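These notes concern the structure reproduced below.
This structure is a prediction, so every number in the text was calculated from the model and none was measured.
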Amino acid sequence: MADTLEIKEHMDVISSDRKTVGQVDHLDGPDKIKLTKKSSPDGQHHHFIPVSWVDHVDQHVHLNKSGADVTSHWQHGQR
């Protein structure tokens, strides 16, 4: 698992098939990344992804899931 200390606000989150699936809003506890509303497809909801999906972190957060897997399994948050 990647070091969560390396995950910073506004980093792009990239799927394993190189699609940008969102931007980091912040870590929500030790096990979830909250994505910004602005980067959401509907622009109105935060989405959450598990930290366990993170493959590695450099200037971006790289996931071990495809874009389709991410969007079909992410959790919706409040408006």
For this session: Go through the steps for V21 and I14 under the test side chain to side chain contact (heavy atoms under 4.5 Å, CB included), then give the verdict.
Result: CA-CA 6 Å; V21 295; I14 311 293; over 6 Å; no
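- At least one side-chain heavy atom of V70 sits less than 4.5 Å from a side-chain heavy atom of W53.
- Under the rule for a salt bridge (charged side-chain N to carboxylate O under 4.0 Å, His left out), the partners of D28 that lie at least two apart in sequence or sit in another chain are K32.
- Pairing each heavy atom of H46 with each of D25, the nearest pair is CE1-OD2, 3.1 Å.
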For this session: Please assess H60 against M11 for the test side chain to side chain contact (heavy atoms under 4.5 Å, CB included), listing each intermediate value before the final yes or no.
Result: CA-CA 5 Å; H60 308 297; M11 289 179 114; 5.8 Å; no
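- Rounding to the nearest 0.5 Å places CG of L5 at 8.5 Å from CG of L27.
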Problem set entry | I33/I7 under side chain to side chain contact (heavy atoms under 4.5 Å, CB included): CA gap, chis, key distance, verdict | CA-CA 9 Å; I33 300 170; I7 299 173; 3.9 Å; yes
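- Using modelled atom types, no side-chain atom of S16 and backbone atom of L63 make a donor-acceptor pair closer than 3.5 Å.
- For the residue pair H62/D58, the side-chain donor-acceptor check at 3.5 Å is satisfied.
- Of the possible donor and acceptor atoms, none in the side chain of S39 sits under 3.5 Å from a partner among the backbone N and O of G22.
- Every residue meeting the side chain to side chain donor-acceptor pair (under 3.5 Å) condition with S15, not counting sequence neighbours, appears here in chain and number order: D17.
- A 4.5 Å side-chain heavy-atom check between V54 and N64 finds every atom pair outside the cut-off.
- Note that the NE2 atom of H45 and the NZ atom of K37 stand 8.5 Å from one another [nearest 0.5 Å].
- Residues in residues 5-14 take part in no salt bridge (Lys or Arg N to Asp or Glu O under 4.0 Å) pair, two or more places apart or across chains.
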